[in-house]
Amino acid sequence: MAWQIYELTNSPLQIGLLGVARALPQIALLLVGGLLADAVDRRKLMMCTQMGLFCVSTTLAWLTLAGKASPHMLYIATVFLAFFTSLEQPSRQSMIPNLVPRPLLAQALALQGTQRYVPIIAGPSIAGVVLAVWGPAACYSVDACSWLAMLAALILLRAKIPQGGGWKNISLASLHEGLQFVWSHGVIFPLMVLDFSATFFGNVRGLFPIYARDILFVGPKGLGILYAARAVGSLIAAASMALFGPVRHDGRWIFFGIGIYGISTVLFSGSQVFWFSVLMLTLTGAGDTISSILRSTINQLSTPDELRGRMSSINSIFTSSGPQLGQFESGLVAAWLGAPGSALTGGIATLFVLAIVAGIFPKLRRFRNAHFSMG
């Protein structure tokens, strides 16, 4: 979608507006998704959302084939993608602890990351070729099929998922209970703030079409490699954590991961060499994944199951809106300072926020989760 809207408009700002079109509905609807996750059958709710996402991708493919593609069409489709994703995401996250024993949750989340990043690596690379040869409609068609695969996986799932508390739990009082739990928690809330700040300032994903076409001169195929590079780093980090198990000092590793993320973003910003750009993006993926897996494990193990959907929805507001609003921020700054200036200032801001959080929350650096730390 980013490539298609850039081809239609030649505007970095339009790429950024795609992020806004997704982030704003997500912020508004994720809390509703969290309430639903704690009230109804999470598996059935996810099945309904997969069908909705399938319809969005199919519509995008049909409109593109019909020659009716326009920026307005992409914005509307993005809003619907945000709608269904917001209802699905809390259920997806809060269902994982129901499937594995608590002591294995950290490795299970890392293994899930490993499985997720394999298609993320292969997908953009193949999509770059498909985009260059057959165009966006083919990409949207394959995407539509992927939602059917997810639907089939949910149908085949045989694990017993605890039932929610019923429709009576969908209330302002239930929402306030979830917000109060997160706000008063001494670790979960600072981690959410850190995640949002880092992904808001350090997210350069929205700049990839500009780098691929105008700076590195690698076209759609190179664009696919840029997207895949971060996933390669994420895969390596997730596989290592799944293989070697939990780390000893969770807080320190979270700060280390975000530090690698910020430094690599700064180095990527000024690169005009394709292989070096790919290497830096690989490091950003590794750093982000180290931090992400540890944060997710801490959040899930620190939250009672009856609050897990609401906690996940609040966490998703930070983790999802950060990158999406960050895409707008990077596009806006790129329109002013150019893509390299946008990436550079974003990386520096990420390191600045990291230093501030480390100073304000010194206990976070020393945090060790008793549920899964070794030694």
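- At a threshold of 4.5 Å between non-hydrogen side-chain atoms, the residues Ile260 and Ser264 count as touching.
- For Gln272, the CD atom counts as loosely surrounded, since its 6.0 Å shell holds 12 or fewer non-hydrogen atoms of other residues, nucleotides or ligands.
- By the 4.5 Å heavy-atom criterion applied to side chains, Leu226 and Leu216 are counted as neighbours.
- With hydrogens and angles disregarded, a donor-acceptor distance shorter than 3.5 Å links the side chain of Thr49 to the backbone of Met46.
- Residues Leu156 and Met150 do not share a hydrophobic cluster, defined by chaining ILVMFWY side chains whose heavy atoms lie under 4.5 Å apart.
- Here Thr59 contributes atom OG1 and Tyr140 contributes atom OH; the two are 12.0 Å apart, rounded to the nearest 0.5 Å.
- Using a 4.5 Å heavy-atom threshold, the side chains of Tyr227 and Pro209 count as touching.
- Side-chain atoms of Ser342 never come within 3.5 Å of backbone atoms of Ala339 as a donor-acceptor pair (strictly under, hydrogens ignored).
- A donor-acceptor pair under 3.5 Å is absent between the side-chain atoms of Arg295 and the main chain of Asp195, judged by distance alone.
- Atoms CH2 and CD1, on Trp253 and Ile290 in that order, are 6.0 Å from each other to the nearest 0.5 Å.
- Here the closest heavy-atom approach between residue Phe189 and residue Val182 is recorded as CB-O, 3.4 Å.
- Considering OG of Ser146 and CD of Gln50, their distance stands at 8.5 Å, rounded to 0.5 Å.
- For Trp3 and Tyr6, the ring centers sit 6.0 Å or farther from each other.
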Decide yes or no on side chain to side chain contact (heavy atoms under 4.5 Å, CB included) for Arg205 and Ile15, but give the supporting numbers first. CA-CA 10 Å; Arg205 184 181 177 90; Ile15 300 176; over 6 Å; no

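- Inter-residue side-chain proximity for Val79 and Arg22 is flagged as unmet; no heavy-atom pair is nearer than 4.5 Å.
- Under a 4.0 Å N-O distance rule, the pair Glu88/Arg42 does not qualify as a salt bridge.
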I'd like to know whether Ser234 forms a side chain to side chain donor-acceptor pair (under 3.5 Å) with Arg230, so could you lay out the CA-CA distance, the side-chain angles of the two residues, the decisive distance to 0.1 Å, and finally the verdict. CA-CA 6 Å; Ser234 297; Arg230 283 196 58 173; 5.7 Å; no

Full working for side chain to side chain contact (heavy atoms under 4.5 Å, CB included) between Val204 and Ser330: CA-CA 7 Å; Val204 295; Ser330 63; 5.8 Å; no

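- Side-chain contact between Leu8 and Gln4 is present, with heavy atoms from C-beta onward closer than 4.5 Å.
- The hydrophobic clustering, which links ILVMFWY residues whose side-chain heavy atoms are closer than 4.5 Å, places Val142 and Leu60 apart.
- With Tyr261 contributing its side chain and Gly202 its backbone, the two residues share a donor-acceptor pair below 3.5 Å.
- Val130 and Leu65 fall into different hydrophobic clusters, where Ile, Leu, Val, Met, Phe, Trp and Tyr side chains are chained together by heavy-atom contacts under 4.5 Å.
- Note on Leu191 and Val193: same hydrophobic cluster, where clusters join Ile, Leu, Val, Met, Phe, Trp and Tyr whose side-chain heavy atoms are under 4.5 Å apart, directly or indirectly.
- We find the OG-CD1 distance between Ser277 and Ile225 to be 11.5 Å, quoted to the nearest 0.5 Å.
- Within 6.0 Å of atom CZ in Phe181, more than 12 heavy atoms from other residues, nucleotides or ligands are found, so the atom counts as buried in its surroundings.
- Val56 and Ala77 make their closest contact through CG1-O, 3.8 Å (heavy atoms, listed as atom of the first residue, atom of the second, distance).
- Summarising the geometry of Leu29 relative to Ser86, their closest heavy-atom pair is CB-CB, 3.7 Å, with the distance given to 0.1 Å.
- At a threshold of 4.5 Å between side-chain heavy atoms, the hydrophobic network of Ile, Leu, Val, Met, Phe, Trp and Tyr places Phe201 and Trp336 in two separate groups.
- Nearest heavy-atom pair across Thr64 and Pro136 is CG2-CB, 4.2 Å.
- Aromatic rings from Phe268 and Tyr211 are positioned such that their centres are separated by under 6.0 Å.
- Minimum interatomic distance between Gly262 and Leu351 (heavy atoms only, all atoms of both residues): CA-CD2, 3.9 Å.
- Considering every non-hydrogen atom in both Thr85 and Leu81, the closest pair reads OG1-O, 2.7 Å.
- You'll find the side chain of Ser197 stays beyond 4.5 Å of the side chain of Thr350, heavy atoms only.
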Start with the C-alpha gap between Val353 and Ile356, add the side-chain angles, then the distance that decides, and say whether side chain to side chain contact (heavy atoms under 4.5 Å, CB included) holds. CA-CA 5 Å; Val353 169; Ile356 291 177; 5.5 Å; no

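- Taking SG from Cys48 and CG from Leu87, the interatomic distance works out to 10.0 Å, rounded to the nearest 0.5 Å.
- A heavy-atom distance below 4.5 Å is found between the side chains of Asn10 and Arg213.
- Counting only distance, with no hydrogens or angles, the side chain of Thr58 and the backbone of Cys55 share no donor-acceptor pair below 3.5 Å.
- The side-chain heavy atoms of Arg252 and Phe256, taken from C-beta on, include no pair separated by under 4.5 Å.
- For the atom pair CH2 (Trp62) and OG (Ser141), the distance works out to 13.0 Å, reported to the nearest 0.5 Å.
- Just one residue in the list Leu267, Val266, Thr265 forms a side-chain contact (heavy atoms from CB on, under 4.5 Å) with Ile263, and that residue is Leu267.
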Trace of the side chain to side chain contact (heavy atoms under 4.5 Å, CB included) decision for Ile314 with Ile188: CA-CA 10 Å; Ile314 297 167; Ile188 292 178; over 6 Å; no

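- A parallel orientation is assigned to the rings of Phe196 and Phe200, their planes being inclined by less than 30° (bins at 30° and 60°).
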